[in-house]
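Have a look at the structure below before the remarks.
Throughout, a chain's letter reflects where its sequence line sits, starting with A, and its residues are numbered from 1.
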Amino acid sequence: MNCPLPQAISPKSTQFLPFYTQIRTKSSIFDCFLRLNLSLMSIFEYNGSAIVAMVGKNCFAIASDRRLGVQLQTVATDFQKIYKMHDKLFIGLAGLATDAQTLYQRLVFRLKLYQLREERDMKPETFASLVSAILYEKRFGPYFCQPVIAGLGDEDKPFICTMDSIGAKELAKDFVVAGTASESLYGACESMFKPDMEAEELFETISQALLSSVDRDCLSGWGGHVYLVTPTEVTERILKGRMD
Amino acid sequence: MESVFGLVGKDFAIVAADTSAVHSILVHKTNEDKIMLLDSHKLMGASGETGDRAQFTEYIQKNVALYQFRNGIPLTTAAAANYTRGELATALRKNPYQVNIILAGYDKEIGPSIYYIDYIASCHKLDKAAFGYGSYFALAMMDRHYRRDMTIEEAIELVDKCIIEIRSRLVVAPPNFIIKIVDKDGAREYAWRQSIKDSPVPAA
């Protein structure tokens, strides 16, 4: 039988790699680093993180783990991943820690400019669009971050949303997750979440969901950090979990 | 291979580093000081690519000095850490420096502190930090024996424990270490831990 020879693999096939392997930098060392890492694991999993936000009745909660690692080595167990933008607006940044820090600093800058110009706080919907725009600015050399945004909008209506690293918004009515523990967080949230929970029950639910999820993920954990936001107050709590 | 580590004590911070200049399989010298005095109350322990390390730490040192000349007040340790992080972060997506930094400092109001800054520019304030192959031993040792209220003597004892562990358990262990301290009286060299001496070069 006549069997056709397999086509030689053209070097052009590299152009179909995922976008993050195509970062072009001047330095070949850095390029090598990213490629090396990506061949073993995603750059999104370099530091490890777990972030979740949930909506309750006129309130919301946002929670994260506290680990800062460098691959499998744990560097710190008190790392901040959720940032308060104003009294009723929070952002959690999962992914590469350095980009999370840079992105946070840029967001604070833009938010302060807005507050000075407009003399009012930014609405969560507007803030989500701002984050999305800042991320998409770097479409071909992105910040390796997955943000989770949670806030109280007009008439204290809760708003939650997440995005990918190039700013594609994903709105949700119930809960959103991000980070290396996102798969297990989906499972936990899916089975624990109920609509219209009161604040205290919401805190219990989000905390249990977070703690049970990070126990199945090597790269996140070492306790948790939960913010519970109602129209009148913000409660911040540190959780102890499996500290190993 | 390279080992840099540090810890915060009661009213001081310590940074220790190996002093080998290695390239490929060759050890060029064993008395290379890898801990730079940034200003009167700051220490910058750095590991990484030799050239990047020398260039980058000097660049930061000079800019910290420039800030002090211009404004008449020194940067706080936190400010210096964030400045360093900013420089590394901008360089990261252009022409990255391969340097990992342990920044120790003493501020009047805050007291001693240590900042961990790696070459991808993640920055975090820590009580104890380590980089390189030595980190596996130094971190384990410090996790077991570290206390926040250590005296200088206790802390030096712990640093020595770490050095002994690195020397005895690491295949590619460096022979010599340098220890520097920063406290209210300023940043200074504290001691060397040498197991071999560089042979003196005869005069030509």
Check the surroundings of atom [atom1] in [X]: do more than 12 heavy atoms from other residues, nucleotides or ligands lie under 6.0 Å from it?
{"X": "Arg193(B)", "atom1": "CZ", "result": "yes"}
{"X": "Phe79(A)", "atom1": "CZ", "result": "yes"}
{"X": "Arg188(B)", "atom1": "CZ", "result": "yes"}
{"X": "Glu189(B)", "atom1": "CD", "result": "yes"}
{"X": "Leu72(A)", "atom1": "CG", "result": "no"}
{"X": "Glu236(A)", "atom1": "CD", "result": "yes"}
{"X": "Tyr83(B)", "atom1": "OH", "result": "yes"}
{"X": "Lys10(B)", "atom1": "NZ", "result": "no"}

Please state whether the side chain, the backbone, both or neither of [X] comes within less than 4.5 Å of a heavy atom of chain A.
{"X": "Leu139(B)", "value": "side chain"}
{"X": "Ala121(B)", "value": "both"}
{"X": "Asn82(B)", "value": "side chain"}

Interatomic spacing from [atom1] in [X] to [atom2] in [Y] - rounded to 0.5 Å:
{"X": "Gln73(A)", "Y": "Ser135(B)", "atom1": "CD", "atom2": "OG", "value": "4.0 Å"}
{"X": "Asp118(B)", "Y": "Tyr46(A)", "atom1": "CG", "atom2": "OH", "value": "5.5 Å"}
{"X": "Leu92(B)", "Y": "Leu96(A)", "atom1": "CG", "atom2": "CG", "value": "8.0 Å"}
{"X": "Asn47(A)", "Y": "Ser122(B)", "atom1": "CG", "atom2": "OG", "value": "5.0 Å"}

For residues [X] and [Y], report the shortest heavy-atom separation together with the two atoms involved.
{"X": "Tyr143(A)", "Y": "Arg93(B)", "answer": "CA-NH2, 4.2 Å"}
{"X": "His124(B)", "Y": "Ala76(A)", "answer": "CD2-CB, 3.2 Å"}
{"X": "Val75(A)", "Y": "Leu126(B)", "answer": "O-CD2, 3.7 Å"}

Criterion side-chain contact (heavy atoms from CB on, under 4.5 Å) on Val70(A) and Tyr116(B), from CA distance to verdict: CA-CA 12 Å; Val70(A) 172; Tyr116(B) 167 104; 3.4 Å; yes
Close side-chain approach of Arg85(B) and Gln105(A), heavy atoms under 4.5 Å: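 The answer is yes, as the side chains (C-beta and beyond) meet within the 4.5 Å cut-off.
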Region of Asp99(A) that comes under 4.5 Å of a non-hydrogen atom in chain B: side chain
